[in-house]
Amino acid sequence: MSNDRQARCAVCLGAQPCGCAENGGALALPVREALLSWYLEHARSLPWRGELDPYRIWVSEVMLQQTRVGAVLERYERFLERFPSLAALARAPESAVLEAWAGLGYYRRAQKLQQAARVCVQRHGGQVPADPRAFAALPGVGSYTVGAVQSIAFDAPLPAVDGNVIRVLSRLLCLEQPPAKAAVRRVIERVARCSVEAVAREQQRPTGDWNQALMELGAQRCTPRAPRCEACPLAPWCRARARGCAEALPRRTARAERPEVALAVACAVRDARVLVVRRPPGGLLAGTWGLPAAAGPPEVLESAFGLRPGRELVRWRHVFSHRVWNARALLCTVVGTPPRGAWWPLAELRTERFPSAFRPAVQALADALAVP
DNA sequence: AAAACGGGGCC
DNA sequence: GGCCCAGTTTT
């Protein structure tokens, strides 16, 4: 059975001991050379590629967490124009940072990045720490970000294991168990670490190139669906390709289902301005501006905000990673003491200062006001 | 080990 | 309608 660990390969967990362990778990030299050559020729030209400023590299890595390259492209330069340095980011109001982040999601990333910037200014002379341990201690910096930033900016021999690398190595080694399992993650982590150390030891290329090559392969060739194995530089060594199971890996585990909640959203208008409120500092969309909203039927807006719901403007469904809003926007009148908030011109709500979750309400309100 | 945490593109 | 993306933190 599978609990006969003595017979298993220590590196890939395959049923038999195999060649994996030569090189101490690193990918063999020809494999590394093939991937690095491919990367030099095929790397996409991206604004943060070739960047030397550690701060700008860091910003790109945080924005790219769980986020498509295309979405980052639209906001990266704009963010850096507004916050061109660690010091500029550190002294900005959090609300300004969150506005610049609007639409990217996972707003905690922006909050942590700014907190980290403040630590850098206070304790690291306004620089990004070149010491991996000091960098890892900063808010929002996990193992991936440590490896990515420290390798790209400082040529540190540290792995950067993201979703791409998990997929590439799951296929290359044909890891049949889901990477959610700790044992599988240890294998991937070990191969990534030994490989980047080998690249550094043999001075093949800067370690940042190696880490990015692995990720770039996952983005361009070893894609989640319909991998382009025929054009993959690692195809000759890929066990999943040999067995015809590349597309089936990595194996995913069932995800928890998303609860659905009814949400009442208030559109209170006064003198062509709309009432907006700051969302609570913890929880969903923490700290961002939003329309007053409460779970439940429209009537809850009166008890929650002193806003009496009137005509319904629109209903929509917004899917988050872990829950669903079944939302309805209501034209409201202020009946009690106005809630703490701000009154913004409608146009301000449409300029990417707002989380996307409220977009249908803003659009419907604009339509309603344009056609009285 | 699982859940919280966004948004959007793609099939 | 579900999957997945250059993840981190908390439970």
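Residue numbering restarts at 1 for every chain, and letters A, B, ... go by the order of the sequence lines. These numbers were taken from a predicted model, which means no experiment stands behind them.
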Q: Heavy atoms under 4.0 Å is the rule here; annotate nucleotides 4-11 of chain C 5' to 3' with B where the base is hit, S where only the sugar-phosphate is, and - elsewhere.
A: BBBBSS--
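Within 4.0 Å (heavy atoms only), A:A256 reaches sugar-phosphate atoms of the nucleic acid but no base atom. Nucleic acid contact for A:L104: base, since at least one base atom lies under 4.0 Å from a heavy atom of the residue. Across all strands, A:A357 comes closer than 4.0 Å only to sugar-phosphate atoms, never to a base (heavy-atom distances). Among the protein residues, A:A182 comes within range of the sugar-phosphate backbone only, with heavy atoms under 4.0 Å from sugar or phosphate atoms but none that close to a base. In this structure, A:G283 reaches the sugar-phosphate backbone alone: every heavy-atom distance under 4.0 Å involves primed, P, OP1 or OP2 atoms, never a base.
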Q) Is there a ring pair (Phe, Tyr, Trp, His ring centres under 6.0 Å) between A:Y39 and A:W210 once you walk through the steps? A) CA-CA 8 Å; A:Y39 177 70; A:W210 171 253; 9.7 Å; no
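Rounding to whole angstrom units, CH2 of residue A:W325 and C1' of B:dG7 are separated by 13 Å. Protein atom CG of A:L98 is 13 Å distant from nucleotide atom C1' of B:dG6, rounded to whole Å. Between A:F320 atom CZ and C:dG2 atom P the separation is 17 Å, expressed in whole Å. Whole-Å rounding puts the A:Q111 CD to B:dA4 P distance at 18 Å. If you measure from atom CZ of A:F358 to atom C1' of B:dG6, you get 12 Å, rounded to the nearest angstrom. Between the P atom of B:dA4 and the CG atom of A:L285 lies a distance of 15 Å, rounded to the nearest Å.
With sequence neighbours excluded, no residue satisfies side-chain hydrogen bond (donor to acceptor under 3.5 Å, both in side chains) with A:Q111. With sequence neighbours excluded, the residues forming a side-chain hydrogen bond (donor to acceptor under 3.5 Å, both in side chains) with A:Q65 are A:T145, listed by chain and number. With sequence neighbours excluded, the residues that form a side-chain hydrogen bond (donor to acceptor under 3.5 Å, both in side chains) with A:E302 are A:R308. Listed by chain and number, the residues in a side-chain hydrogen bond (donor to acceptor under 3.5 Å, both in side chains) with A:R56 are A:E51 (sequence neighbours excluded). Annotation: side chain to side chain contact (heavy atoms under 4.5 Å, CB included) contacts of A:S321 (sequence neighbours excluded): A:Y106.
A heavy atom closer than 4.0 Å to some atom of DNA chain B occurs in no member of residues 202-210 of chain A.
Residues A:S356 and A:A183 each lie close to DNA chain B; by heavy-atom proximity, the contact nearer the 5' end of the strand is made by A:A183.
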Side-chain polar contacts of residues 211-225 of chain A - donor-acceptor pairs under 3.5 angstrom, sequence neighbours left out - could you list them?
| unit_1 | atom_1 | unit_2 | atom_2 | d |
| --- | --- | --- | --- | --- |
| A:N211 | ND2 | A:S151 | OG | 3.0 |
| A:N211 | ND2 | A:L158 | O | 2.8 |
| A:Q212 | OE1 | A:R49 | NE | 3.1 |
| A:Q212 | NE2 | A:G208 | O | 3.3 |
| A:E216 | OE1 | A:R44 | NH2 | 3.0 |
| A:E216 | OE1 | A:R49 | NH2 | 2.8 |
| A:E216 | OE2 | A:R44 | N | 3.0 |
| A:E216 | OE2 | A:R44 | NE | 2.8 |
| A:E216 | OE2 | A:Q220 | NE2 | 2.6 |
| A:Q220 | NE2 | A:H42 | O | 2.9 |
| A:R221 | NE | A:A231 | O | 2.8 |
| A:T223 | OG1 | A:R225 | O | 2.9 |
| A:T223 | OG1 | A:A226 | O | 3.4 |

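Using a 4.0 Å cut-off, some side-chain N or O of A:H322 falls inside it from OP1 or OP2 of B:dC5.
Screening residues 315-342 of chain A for salt bridge (charged side-chain N to carboxylate O under 4.0 Å, His left out) gives A:E260-A:R317, A:E312-A:R315, A:E312-A:R328 as the qualifying pairs, with residues at least two apart or on separate chains.
A:W343 places a side-chain heavy atom less than 4.5 Å from the side chain of A:R270.
Grouping the Ile, Leu, Val, Met, Phe, Trp and Tyr side chains by contacts below 4.5 angstrom, directly or via other members, places A:L346 with A:V269.
With both ends at atom P, the span from C:dT8 to B:dG9 equals 24 Å, rounded to whole Å. When the P atom is used for both B:dG8 and C:dT9, the distance is 24 Å, rounded to whole Å. To the nearest whole angstrom, the two C1' atoms, one in C:dA6 and one in B:dA3, are 22 Å apart.
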